[in-house]
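Okay, so here's the structure we're looking at.
No hydrogens, no waters, no symmetry mates; every other heavy atom, side chains included, goes into these values. What you are looking at is a predicted structure, and each value in this text was computed from that prediction instead of being measured. In what follows, chains are A, B, ... by sequence order, proteins preceding strands, each numbered from 1.
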Number of protein chains: 2
Amino acid sequence: MSAPPKPSPRYTALLQLLRTADTIWNSSRVFFGRWELSPAQFNLLNLLTDPGDGLTQSELSRELLTHRSNITGLVDRLEARGLVARREETGDRRAWRVVLTAAGHRLMDEVLPHYFRAAERVWEGIPARRAAEVGEALRQVAINTERAAGQLAVEDRP
Amino acid sequence: MSAPPKPSPRYTALLQLLRTADTIWNSSRVFFGRWELSPAQFNLLNLLTDPGDGLTQSELSRELLTHRSNITGLVDRLEARGLVARREETGDRRAWRVVLTAAGHRLMDEVLPHYFRAAERVWEGIPARRAAEVGEALRQVAINTERAAGQLAVEDRP
DNA sequence: TCCATATTGTTGATATGTCAACAATACTCA
DNA sequence: TGAGTATTGTTGACATATCAACAATATGGA
């Protein structure tokens, strides 16, 4: 009878990372439900509130870490609700430029203050300084992960 | 002309958290693709490798932070591939007990060592001690998030 | 110029996820 | 015991996600 092997601190931390992100995502679904938005829809709209005149669908897919083809339906539904519009991209007839409509701007003006307050609350009990350190470590983890993904072909080669 | 407002450290850290989790998830899809598994399928199988005689579908849904109804299809597909089996739950005729088959055990014996190594590599450049601290902070964030979700009805009340 | 190559958005197939509603079964306690 | 309530798994409708394939269009050299 041997004791079960104790998982490594890094493995445990990775599981906690994914678990926490899942918890936040699930909770945000309820949160954004107040405005009949899904988290994915909110994230897309949030990008469009940045100064500038919108983004193409490919740009959106890169920012949202999602596949091009996923943006089509997302924009379709937001457009049907009148929150975004597709404008012709001058100089590239393949592309659309997706922008917030006036209604989209009004909705985001309403949602964003609540969102920022909620973002602060999830770090309650953790000093801003420490949250920043955690963020920095997570940035490194993301970089490591991308590097590993690029090397997958030679994964496990010593 | 005022400068754009600088986002708070906690807001930035929250975005980084979600972004990193997304990056890991996307990378893991490629990783598990070597064994024709999706991340969701791997996570389910991984739970079943724990000692004990399997889990019911409701237990699986709680561990995986996902809806009951999602487990049905997940188990259906894994069962069709012969990696898991549904056994009758003694004492509760509503429930199934999902267990790994011999083939499921063989597959996980093959995958897990690669998975553990990859989990370590993701934290490269970050001392184990520091990874554990990050994990601890993330655990607190998850707790705060759950608390906030429970209070959503009174959200934004001072 | 013209050809090879890349990029953009869409489609259809499919997996993963939610939710509401349902039937079957289990549980509680007056 | 029995009535009301809760839990379990499934289904169907739908949103979100991937991927491969496609047509249209851009782009970069020979």
Side-chain angles (χ1 to χ4, degrees), chain A residues 18 21-33 35-45 54-81 83-98 149, chain B residues 18 21-33 35-45 54-81 83-98 149:
Chain A
L18 295 171
D22 248 29
T23 301
I24 293 171
W25 190 258
N26 285 336
S27 175
S28 80
R29 178 178 302 105
V30 180
F31 180 78
F32 294 121
W35 299 279
E36 307 193 59
L37 288 174
S38 69
Q41 291 173 344
F42 170 81
N43 286 336
L44 195 157
L45 296 177
L55 296 167
T56 66
Q57 296 188 189
S58 281
E59 287 166 345
L60 282 169
S61 78
R62 281 188 286 270
E63 294 285 337
L64 294 169
L65 306 185
T66 196
H67 195 273
R68 265 180 3 265
S69 63
N70 193 25
I71 303 294
T72 301
L74 227 30
V75 172
D76 282 352
R77 285 180 289 273
L78 291 170
E79 193 177 32
R81 266 183 70 181
L83 298 175
V84 307
R86 284 180 165 103
R87 296 231 180 106
E88 301 202 336
E89 169 75 322
T90 56
D92 191 340
R93 293 193 300 177
R94 297 167 302 177
W96 296 110
R97 183 149 291 270
V98 184
Chain B
L18 295 171
D22 249 28
T23 301
I24 292 171
W25 191 257
N26 285 336
S27 175
S28 80
R29 178 176 303 104
V30 180
F31 180 79
F32 294 121
W35 299 280
E36 307 194 60
L37 289 174
S38 68
Q41 290 172 345
F42 170 81
N43 286 336
L44 196 157
L45 295 177
L55 295 168
T56 66
Q57 296 188 189
S58 280
E59 287 167 344
L60 283 169
S61 77
R62 281 188 286 271
E63 294 286 336
L64 294 169
L65 305 185
T66 195
H67 196 273
R68 267 180 359 266
S69 63
N70 193 26
I71 303 295
T72 301
L74 225 31
V75 171
D76 282 352
R77 285 180 289 271
L78 291 170
E79 193 176 33
R81 267 183 69 181
L83 297 175
V84 307
R86 283 179 165 105
R87 297 231 179 106
E88 301 201 336
E89 169 75 322
T90 55
D92 190 340
R93 293 193 300 177
R94 298 167 303 179
W96 295 110
R97 183 148 293 268
V98 183

Would you mind reading off the distance between [X] atom [atom1] and [N] atom [atom2], rounded to a whole angstrom?
X	N	atom1	atom2	answer
B/W25	C/dG17	CH2	C1'	11 Å
B/E88	C/dT25	CD	P	12 Å
A/N26	C/dT16	CG	C1'	13 Å
A/N70	C/dG12	CG	P	16 Å

Set of side chain to side chain contact (heavy atoms under 4.5 Å, CB included) partners for A/D22, sequence neighbours left out: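 A/D22 satisfies side chain to side chain contact (heavy atoms under 4.5 Å, CB included) with B/L65 once adjacent residues are dropped.
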
Base C/dT25 paired with B/R93 side chain (donor-acceptor, <3.5 Å):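 By the distance-only test, no, there is no pair.
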
Base, sugar-phosphate, or nothing: which does [X] touch, judged by heavy atoms less than 4.0 Å apart?
X	answer
B/R86	sugar-phosphate
A/T72	base
A/E89	nothing

Residue closer to the 5' end of DNA chain C, B/L74 versus A/S69 (nearest nucleotide):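 Of the two residues, A/S69 wins.
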
5'-most by nearest nucleotide on DNA chain C - B/G73 or B/G91: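 Result: B/G73.
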
Aromatic ring pairing B/F31/B/W35, orientation class (parallel under 30°, perpendicular over 60°, tilted between):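 Aromatic pair B/F31/B/W35 classed perpendicular.
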
Heavy-atom closest pair, residues B/P39 and B/F32: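 Smallest heavy-atom distance, with atoms named: CA-CD1, 4.0 Å.
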
For A/A95 against A/T56, the heavy-atom pair lying closest together: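 Answer, listing the atom of A/A95 first, then A/T56: CB-CG2, 4.4 Å.
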
So, do [X] and [Y] sit near enough that their side-chain heavy atoms are less than 4.5 Å apart?
X	Y	value
A/L37	A/R81	yes
A/Q57	A/S61	no
A/R86	A/D76	yes

Point-to-point distance, once rounded to the nearest 0.5 Å, from OG of B/S38 to CG of B/L78: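 Output value for this atom pair is 7.5 Å.
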
Between CG on residue B/L60 and CG on residue B/L55, distance to nearest 0.5 Å: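 Output value for this atom pair is 5.0 Å.
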
Comparing B/R29 and B/T56 on DNA chain D - which has the more 5′ nearest nucleotide: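 Here B/T56 is the residue nearer the 5' end.
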
From C/dA15, C/dT18, C/dA26, nucleotide with atom closest to B/R77 side chain: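 Closest nucleotide to the B/R77 side chain: C/dA15.
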
Phosphate-side-chain proximity, A/Q57 and C/dT7, N/O vs OP1/OP2 below 4.0 Å: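 Checking C/dT7 against A/Q57, no side-chain N or O comes under 4.0 Å of OP1 or OP2.
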
Within residues 58-68 of chain A, residues whose heavy atoms come under 4.0 Å of DNA chain D: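 Heavy-atom cutoff 4.0 Å gives A/L65, A/T66, A/H67, A/R68.
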
Nucleotide range of DNA chain D lying under 4.0 Å from chain A heavy atoms: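 In short, chain A contacts DNA chain D from D/dA15 to D/dA26.
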
